[in-house]
2 protein chains.
Amino acid sequence: MAKRVSHKDSMCGVARPLDAIGDWWSLLIIRDAFDGLRRFGEFQKSLGLAKNILSARLRNLVAHGIMDTVPASDGSPYQEYVLTQKGQGLFPLLVALRQWGEDFFFEPNEPHVTLVDRATKLPVRRLELRAHDGRMLMAEDTVIIVPPPVGERE
Amino acid sequence: MAKRVSHKDSMCGVARPLDAIGDWWSLLIIRDAFDGLRRFGEFQKSLGLAKNILSARLRNLVAHGIMDTVPASDGSPYQEYVLTQKGQGLFPLLVALRQWGEDFFFEPNEPHVTLVDRATKLPVRRLELRAHDGRMLMAEDTVIIVPPPVGERE
DNA sequence: AAACTTGGTTTCAAATTAAAACCACGTTAG
DNA sequence: CTAACGTGGTTTTAATTTGAAACCAAGTTT
């Protein structure tokens, strides 16, 4: 899980994150964490994956600073897994994934769970990419630029 | 790659998409496609992955309707791989991944590539989740709701 | 003290991934 | 015409990962 440093030595801004969460289960674990699950057993029951795999994934997430272990909140002698700030930073990604799923993986009238504003119970807005000045941007309206070589930055 | 139907029979709005793009390489291929790459060889050179794996991934992406093959645009007798509408729908997710990467995978002053508005060359805005009425929402301000059972929807 | 629960680790078979060799087709060079 | 070459793969084979199931340890309940 660690040695995917591609031929280009330093990994780019997309590849680096993927190294931390780029497998099937990790994002599902994180989603469950956002839904309030904290205990090993809860994750396992919710996801139905083998315990050794869950164990490895949680260890990996903790190693990457995405989750953290804390002593159990109730009296029990076990630990719980909670999202760090870094982990919570994945919320928009999860929303993007969900919205894409809604758009393309469900029949027009197929029912599916919805993410709603807790206060109003209304569905959240669609994520949209905007320019600095607020214009909406499509993929074609953007470019990737590489940073100027060191020494040339003011 | 197909048989991950978890214990719960029908997969949720997060798991379904992950079945299509939930591996390390697929998203990198898609990002390269957004960057304008189209040919087998271009992807392989850019990503440095084994040809059989690239072949399998492209086949999978095409099978999921995320990419499509078209006859080569120049005269060459080969085909090219282009993003479908569904594939282009992944742009926000890619932006989310990139922004998260920038936030947590680079040192404060470490240079990294940036996504900018093609027109102004200014960095794009941060993706933000907003309520129906435009309020910004944090993860804790949202809930997942399940659709009402069939027959109870007006 | 026997059984049970929780949270794992170990073992081992099966599936996936990766590297490398091979191959087919069309183009270019001699 | 034929040999070498570039592109876009497939096949073969070995290494790595995954997953199911068994096992285990510590603490709790009966």
Side-chain angles (χ1 to χ4, degrees), chain A residues 1-9 11 15 18-29 32-33 36-64 67-82, chain B residues 1-9 11 15 18-29 32-33 36-64 67-82:
Chain A
M1 166 79 64
K3 292 291 152 41
R4 254 81 137 279
V5 263
S6 86
H7 65 306
K8 215 114 190 181
D9 196 348
M11 294 197 300
L18 280 179
D19 203 46
I21 55 159
D23 70 289
W24 214 77
W25 291 116
S26 293
L27 267 185
L28 290 174
I29 292 170
D32 274 359
L37 303 200
R38 327 180 104 226
R39 297 285 282 258
F40 187 94
E42 292 179 314
F43 291 114
Q44 210 227 326
K45 194 166 81 160
S46 163
L47 298 172
L49 82 176
K51 297 204 287 183
N52 52 348
I53 303 296
L54 176 57
S55 183
R57 288 296 170 276
L58 287 171
R59 197 161 30 231
N60 182 58
L61 289 171
V62 170
H64 276 91
M67 301 191 85
D68 202 2
T69 53
V70 301
S73 49
D74 59 354
S76 64
Y78 305 114
Q79 55 185 354
E80 300 184 340
Y81 296 87
V82 298
Chain B
M1 167 80 66
K3 293 291 152 40
R4 253 79 137 282
V5 264
S6 86
H7 66 305
K8 215 115 192 182
D9 196 346
M11 295 199 297
L18 280 178
D19 202 47
I21 55 159
D23 70 288
W24 214 78
W25 291 116
S26 294
L27 265 184
L28 289 175
I29 293 170
D32 274 0
L37 304 199
R38 328 180 102 226
R39 297 282 283 259
F40 188 94
E42 292 181 313
F43 291 114
Q44 209 224 327
K45 195 166 80 161
S46 164
L47 299 173
L49 81 175
K51 298 205 287 183
N52 52 351
I53 303 296
L54 177 56
S55 183
R57 288 295 171 275
L58 287 171
R59 199 164 24 236
N60 183 57
L61 289 172
V62 170
H64 276 91
M67 300 190 87
D68 203 1
T69 53
V70 301
S73 49
D74 61 353
S76 65
Y78 306 115
Q79 54 183 355
E80 300 185 338
Y81 296 87
V82 299

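Numbers restart at 1 for each chain; the letters A, B, ... are given by sequence-line order, proteins then strands. The figures here come from the full heavy-atom set of this structure, side chains too, leaving out hydrogens, waters and symmetry mates.
B/Q44 places its CD atom 13 Å from the C1' atom of D/dG6, with the value rounded to the nearest Å. Atom-to-atom, CG of B/L47 to C1' of C/dA18 comes out at 15 Å; the value is rounded to the nearest Å. Taking atom CH2 of residue B/W24 and atom C1' of nucleotide D/dT17, one finds them 16 Å apart after rounding to whole Å. We find that CG of B/L49 is positioned 14 Å from P of C/dA20, with the value rounded to whole Å. Between the C1' atom of D/dT18 and the CG atom of A/L28 lies a distance of 16 Å, rounded to the nearest Å. At whole-Å resolution of the value, CG in B/N52 and C1' in C/dT16 are 11 Å apart. The distance from atom CG of B/D74 to atom C1' of C/dT27 is 13 Å, rounded to the nearest whole Å. One atom, CZ of B/R57, and another, C1' of D/dG9, lie 16 Å apart when rounded to the nearest Å.
Within the structure, a side-chain polar atom (N or O) of B/S55 is placed less than 4.0 Å from OP1 or OP2 of D/dT10. For A/W25 and D/dG19, the shortest distance from a side-chain N or O to OP1 or OP2 is below 4.0 Å. The side chain of B/R59 places an N or O atom within less than 4.0 Å of a non-bridging phosphate oxygen (OP1 or OP2) of D/dT10.
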### Message
What does the B/S/- profile of nucleotides 2-7 of chain C look like, 5' to 3', with a 4.0 Å heavy-atom cutoff to protein?
### Response
---BBB

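For A/N52, the side-chain contact (heavy atoms from CB on, under 4.5 Å) criterion is met by A/A50, not counting sequence neighbours. Partners of B/R38 under the salt bridge (charged side-chain N to carboxylate O under 4.0 Å, His left out) rule, at least two apart in sequence or in another chain, are B/E80. Residues satisfying the side-chain hydrogen bond (donor to acceptor under 3.5 Å, both in side chains) test with B/S55, not counting sequence neighbours, are none. Every residue two or more places apart in sequence or in another chain was checked for a side-chain hydrogen bond (donor to acceptor under 3.5 Å, both in side chains) with B/T69, and none qualifies.
Counting only heavy atoms from C-beta outward, the side chains of A/L47 and A/R57 never approach each other to under 4.5 Å.
Nearest heavy atom pair, residue A/K51 against residue A/F40, reads O-CZ, 3.7 Å.
Checked by atom type and distance alone, the side chain of B/W24 pairs as donor or acceptor with a backbone atom of A/L18 at under 3.5 Å.
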